[in-house]
Amino acid sequence: MPELPEVETIRRQLAPRVVGRTVVDVDTHPSPKFAPARATRGATVTDLRRRGKYLLAGLDDGRELIVHLGMTGRLAVETPADDPPTGERPHLRAWWRFDDGSALTFTDIRRFGRLAVVPRGDHRRLPTLARLGPEPFDPTLEAATLHRALASSRRAVKTQLLSQRPVAGVGNIYADEALWDAGINPVARRLSVSRSARLLDALRAALASGLRLGGTTLRDYRDADGHTGRNQDELRCYGRAGQPCLRCGTLLRRRLVDGRGTTWCPRCQRR
DNA sequence: GGCTGGCCCTGTACGC
DNA sequence: TGCGTACAGGGCCAGC
């Protein structure tokens, strides 16, 4: 599932191929949830940014196209030499044809992805984006800030991380990895400042590994060139339930937290 | 305003 | 072999 490293990898690949391009044609899957993309016809892409797991393409008419890849969403740029995208293609949800003959395609098997076109910066229709926490690599983000954010709620720390409010861009994989690395139980409800600092360091380390290796591919994720990531070989906790903890040898366990599968070490991550 | 639980989706794995 | 069921999970929303 695309989290911050995967979305940022895709952004870096797409930006030089779509910025400056004008949309000459656009079409979408019949489902109304993808229809907003049609409003981009005639617009020119001015920039491509990322906030958390959201991609934001600035348009020259003062609006922006917002894309969330959900669980299985993929974006790719196809050249004029490729077969033009059509609604016949399986799982194709939206496609844009540019003035140079290239095309941007959005495929999404499970249809958890989202598209929106809004006035630039007006995110009221996307509540999670509107209330998104700071970027984890923001140099002004300090442990005390994360500590205050976590202390403002009594929900489990993993639930809070997945809410995107204490910090942006963390999903199930990197949350499990960071909590294991920091030795914090996923359902802990109060963290000291020092443990918040350990968590922030661990989050940054997990996300940096994902970024460096082009993302984590467990099943569906591909970058904009169709390549899998390489970070899955570096995972030390997520998906390893029943296997020995790489730190203490205790068998890792799995449970549901906030409805999400969660792997943790009962010894290293005591409550 | 905070929190919980249900819903959206479809491919895959598994049991019968 | 074929069918039915459970499961995976990010974000949104209704209800408390």
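As judged by a 4.0 angstrom heavy-atom cut-off over every strand, A/Thr159 is placed among residues making no nucleic acid contact. Residue A/Arg254 is in sugar-phosphate contact alone, with no base atom involved, counting any heavy-atom pair closer than 4.0 Å across all strands shown. A/Leu69 comes within 4.0 angstrom of no nucleic acid atom, judged by non-hydrogen atoms across all strands.
At least one side-chain nitrogen or oxygen of A/Tyr238 sits closer than 4.0 Å to the OP1 or OP2 atom of C/dG9. Residue A/His68 has no polar side-chain atom (N or O) positioned under 4.0 Å from OP1 or OP2 of C/dG10. For A/Arg125, no side-chain nitrogen or oxygen approaches OP1 or OP2 of C/dC12 to under 4.0 Å. Checking the phosphate oxygens (OP1, OP2) of C/dG11, a side-chain nitrogen or oxygen of A/Gln164 falls inside 4.0 Å. Checking the phosphate oxygens (OP1, OP2) of C/dG11, no side-chain nitrogen or oxygen of A/Ser163 falls inside 4.0 Å. Note on A/His91: a side-chain N or O is less than 4.0 Å away from OP1 or OP2 of B/dG11.
In this structure, A/Arg114 atom CZ and C/dG9 atom P are separated by 17 Å, rounded to whole Å. The distance from atom CG of A/Asp108 to atom P of B/dG11 is 11 Å, rounded to the nearest whole Å. Per the geometry, CG belonging to A/Leu256 stands 12 Å off P belonging to C/dG10, to the nearest Å. Atoms OH (A/Tyr54) and P (C/dG10) sit 12 Å apart, rounded to a whole Å. For A/Met71 and B/dT12, the CE to P distance is 14 Å, given to the nearest whole Å.
Listed candidates were B/dC9, C/dC12, C/dG9. Nearest to the side chain of A/Arg111 is B/dC9. Closest to the side chain of A/Pro127, from the set C/dC13, C/dG11, C/dG9, is C/dC13. Relative to the side chain of A/Lys33, the nucleotides B/dC9, C/dA8, B/dG2 differ in distance, and B/dC9 lies closest. Among the nucleotides C/dG11, C/dG9, B/dT4, the one closest to the side chain of A/Arg155 is B/dT4. Distances were taken from every side-chain heavy atom of A/Arg165 (C-beta onward) to each of C/dG10, B/dG2, B/dT4; the shortest belongs to B/dG2.
For A/Arg260 against C/dG10, a side-chain-to-base donor-acceptor contact under 3.5 Å is present. Remark: the A/Arg110 side chain and the C/dA8 base include a donor-acceptor N/O pair separated by less than 3.5 Å.
No side-chain donor-acceptor contact under 3.5 Å links A/Asp60 and A/Thr46. Side-chain contact annotation: A/Gln232 with A/Tyr221, donor-acceptor N/O pair under 3.5 Å absent.
Centre separation under 5.5 Å together with a plane angle under 30° does not hold for the ring of A/Phe112 and the six-membered base ring of C/dG11, so they are not marked as stacked.
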